[in-house]
A.B. asks: 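Dropping a structure here in structure tokens format, bear with me for questions.
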Amino acid sequence: MSEAQKTARAQDAGPSTVTGVDRFFRITERGSTFGREIRGGFATFFTMAYILVLNPLILGSAKDKSGEQLDPVQLTTATALVAAVMTIVMGVGGNLPLALAAGLGLNAVVAFQLAPLMSWDDAMGLIVLEGLLICVLVVTGLREAVMHAIPQQLKQAISVGIGLFIALIGFVDAGFVTRIPDAANTTVPVQLGSTGTLAGWPMLVFCAGVLLTIALLARKVRGAILISIVTMTVVALVVNALADVKTWGLTTPEWPGQVVDAPDFGLLGQFSLFGAFGQVGVVTVVLLVFTLILSDFFDTMGTVVGVSAEAGLLDEDGKVPGLGGVLLIDGAAAVAGGAASASSATSYIESAAGVGEGARTGFANLVTGSLFGLALFLTPLLTIVPLQAAAPALVAVGFLMMTQVRHIDWERYEIAIPAFLTIAVMPFTYSITNGIGAGFLAYVLVKTVLGRAKEVHWLLWGTSALFLVYFAIDPIEQLLGV
């Protein structure tokens with residue numbers, strides 16, 4: 001074959017390959033480009049990479065019923081592995097820019113509520129069981145039906161509430177907003193900085209990052225969020241090297257002495273599916289699994305709707321494309337997280353950072369998942385980004401998601417009141433599930449008192465009843481003596 005023929009074949013094969021990938025992920029169809037998808041994948045990873053440090057810290061600090069603790073190195077490996085595999089699976093199978101990893105809040109439940117009552121194997125078995133039950137709900141169509149039963153404007157309120165919630169996460173992660181330790185002797189439960197003022201070099205890095213991010217967004221610069229994260233990480237590295245910084249919090253921006261770290265897969269498969277029943281009894285197990293399912297169910301629902309809405313992927317009826325597959329993969333992620341002893345894995349709202357960078361398809365997940373895969377071996381290198389450099393992205397994304405508030409009809413109280421409670425309760429209670437529950441209950445109540453109860457979908461009635469149980473779980477447990 002001549003060189004001319006080789007060149008011609010290479011030229012033919014190149015566009016064909018690219019077009020095939022483009023067609024599979026519908027990149028052009030959704031108004032995106034490979035560049036945007038790649039930037040979005042990086043942005044999502046950097047805004048959620050903290051989980052590689054935080055999940056081992058939370059799970060590794062707790063003891064089970066017999067006093068055993070999980071190994072931090074093995075936890076880091078399990079966390080990175082589950083995030084890498086399930087994020088890529090979501091990208092290929094769900095075609096949404098929706099990354100997954102060990103869920104915050106859920107891991108705390110495992111560490112401080114489940115583990116003290118049973119062994120680690122039994123606790124992780126409950127997570128696997130919860131994930132399997134969620135998969136059953138998906139296969140039966142119930143989970144998707146609940147999402148379709150939610151009025152469109154209430155879905156938009158969920159997106160707005162998540163916007164405020166994710167902005168608050170950014171402020172809290174950076175230390176811009178802190179909880180006052182002696183709340184009983186003060187007038188407000190939170191404050192500016194750690195002392196009522198902004199102080200220290202890390203705070204300067206965060207504030208500069210916020211200003212840089214909004215300036216780039218206002219100028220409509222491509223890659224604004226990722227540029228800000230990378231720039232402020234470099235600034236943080238310089239500041240840490242030159243200034244006397246007492247603490248950066250969870251992640252310190254300094255070049256690691258050891259770049260490569262071998263993964264330890266010792267925790268994989270260490271779970272007992274039904275062991276908890278013998279440890280704490282059937283009633284307690286049922287209540288624990290119910291709490292896990294409800295939290296996971298609606299956290300994911302809010303995240304999927306919020307991220308999809310921000311990406312402009314909802315159809316005219318407010319439905320998420322390929323929702324059934326997306327929810328099934330999310331349920332499988334919970335199973336994978338429990339089976340790997342990394343706690344339940346779930347969809348991450350930080351994925352909105354990638355959407356803000358322009359990601360619209362699952363191709364961005366290939367980038368994010370690959371970076372988590374690299375983290376199996378390069379964890380010391382990939383965790384040098386301090387929260388103060390990544391958190392400005394969350395504040396910016398909060399603004400982008402907040403803009404959907406304009407679609408809510410504030411003149412109609414049957415929509416406005418539930419929407420307000422959904423939006424307010426999410427950040428104020430630091431929980432997507434709580435916000436959705438408050439909104440559902442308010443929607444059913446207002447429709448009923450207005451004499452329009454028949455307009456409420458029966459699934460919303462059933463879901464609201466479950467939320468009543470969820471919010472009243474403590475007195476119910478006391479009544480049952482568990």
Side-chain angles (χ1 to χ4, degrees), residues 45-62 69-73 75-76 79-80 101-102 104-105 107-108 111-112 166-183 185-186 188-213 228-259 261 348 350 353 375 378-396 398 427 430:
F45 174 78
F46 284 128
T47 55
M48 60 185 289
Y50 66 84
I51 195 62
L52 296 175
V53 177
L54 194 55
N55 196 47
L57 184 66
I58 292 174
L59 293 176
S61 64
Q69 290 182 282
L70 298 178
D71 180 80
V73 175
L75 282 170
T76 301
T79 302
L104 283 177
N107 56 5
F112 306 115
I166 199 171
L168 179 60
I169 290 174
F171 285 125
V172 171
D173 284 352
F176 188 89
V177 172
T178 62
R179 182 177 62 184
I180 301 175
D182 59 338
N185 299 318
T186 54
V188 293
V190 293
Q191 65 181 5
L192 182 69
S194 59
T195 60
T197 59
L198 299 178
W201 288 101
M203 190 56 58
L204 179 62
V205 170
F206 169 72
C207 293
V210 171
L211 295 176
L212 174 62
T213 306
S228 172
I229 293 173
V230 173
T231 300
M232 298 318 300
T233 298
V234 173
V235 171
L237 286 167
V238 174
V239 168
N240 190 65
L242 300 179
D244 181 19
V245 181
K246 293 182 179 179
T247 178
W248 289 84
L250 190 62
T251 306
T252 300
E254 59 183 3
W255 196 259
Q258 180 183 356
V259 174
D261 191 12
Y348 258 57
E350 282 85 350
L378 303 175
T379 301
L381 179 63
L382 293 175
T383 54
I384 65 172
V385 179
L387 290 174
Q388 290 81 1
L394 302 181
V395 176
Y430 222 66

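This is a predicted model, so every value here is computed, not measured. Residue numbers run from 1 in the order of the sequence given.
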A.B. asks: Heavy atoms, side chains only, cut-off 4.5 Å: are Ile229 and Thr47 in contact?
C.D. replies: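 Side chain of Ile229 against side chain of Thr47, heavy atoms only: contact under 4.5 Å found.
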
A.B. asks: Please report the closest heavy-atom contact between Pro392 and Leu387, naming both atoms and the distance.
C.D. replies: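 Closest pair (atom of Pro392, atom of Leu387, distance): CD-O, 4.4 Å.
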
A.B. asks: Write down the atom of Ala375, the atom of Leu52, and the distance for their closest heavy-atom approach.
C.D. replies: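 Smallest interatomic distance, heavy atoms only, reads CB-CD1, 3.6 Å.
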
A.B. asks: Do the non-hydrogen side-chain atoms of Ile51 and Tyr348 ever get within less than 4.5 Å of each other?
C.D. replies: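 In short, these two side chains touch, coming nearer than 4.5 Å.
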
A.B. asks: Any side-chain heavy atom of Thr231 sitting closer than 4.5 Å to one from Leu212?
C.D. replies: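 In contact.
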
A.B. asks: So Phe206 and Phe171, would you call those rings parallel, tilted or perpendicular, with 30° and 60° as cut-offs?
C.D. replies: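 Correct class here is perpendicular.
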
A.B. asks: Of all heavy-atom pairs between Ala208 and Met232, which one has the smallest distance, and what is that distance?
C.D. replies: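 Looks like CB-CE, 3.8 Å.
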
A.B. asks: With rounding to the nearest 0.5 angstrom, report the OG1 to CG distance, Thr79 to Asn55.
C.D. replies: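 Rounded to the nearest 0.5 Å, the OG1-CG separation comes to 4.0 Å.
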
A.B. asks: Nearest 0.5 Å please: distance from the CD atom of Glu350 over to the CD1 atom of Ile169.
C.D. replies: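 Interatomic distance, Glu350 CD to Ile169 CD1, rounded to 0.5 Å: 5.5 Å.
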
A.B. asks: Give a yes or no answer on whether the side chain of Gln388 reaches the backbone of Met203 with a donor-acceptor pair at less than 3.5 Å.
C.D. replies: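 No, Gln388 side chain to Met203 backbone: no donor-acceptor pair under 3.5 Å.
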
A.B. asks: Could you check if a side-chain atom of Trp248 sits within less than 4.5 angstrom of a side-chain atom of Val239, using non-hydrogen atoms only?
C.D. replies: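 Yes, their side chains come closer than 4.5 Å.
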
A.B. asks: Might you point out which heavy atoms bring Ile384 and Glu254 nearest each other, and give the distance in Å?
C.D. replies: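 Smallest heavy-atom distance, with atoms named: CG2-O, 3.5 Å.
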
A.B. asks: When rounded to the nearest 0.5 angstrom, what is the spacing between CG in Leu237 and CG in Leu242?
C.D. replies: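 Between atom CG of Leu237 and atom CG of Leu242 there are 10.5 Å.
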
A.B. asks: Can you name the nearest heavy-atom pair linking Gly398 to Ala167, along with the distance?
C.D. replies: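 Looking at all heavy atoms of both residues, the closest pair is CA-CB, 4.2 Å.
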
A.B. asks: Measuring from Leu192:CG to Thr178:OG1, what's the distance to the nearest 0.5 Å?
C.D. replies: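 OG1 of Thr178 is found 8.0 Å from CG of Leu192.
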
A.B. asks: To the nearest 0.5 angstrom, please state how far the CG atom of Leu75 sits from the CG atom of Leu70.
C.D. replies: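 Answer rounded to 0.5 Å: 5.0 Å.
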
A.B. asks: Is Tyr430 close to Val172 at the side-chain level, that is, under 4.5 Å between some pair of heavy atoms?
C.D. replies: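 Yes, side chains in contact.
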
A.B. asks: Where do Ala236 and Pro386 come nearest, in terms of heavy atoms and distance?
C.D. replies: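 Smallest interatomic distance, heavy atoms only, reads CB-CG, 3.7 Å.
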
A.B. asks: What's the separation between atom CG in Asn107 and atom CD1 in Ile58, rounded to the nearest 0.5 Å?
C.D. replies: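 It comes to 4.0 Å.
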
A.B. asks: Please tell me if the side chains of Tyr50 and Val385 come closer than 4.5 Å, counting only heavy atoms from C-beta onward.
C.D. replies: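 In short, these two side chains do not touch, never coming nearer than 4.5 Å.
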
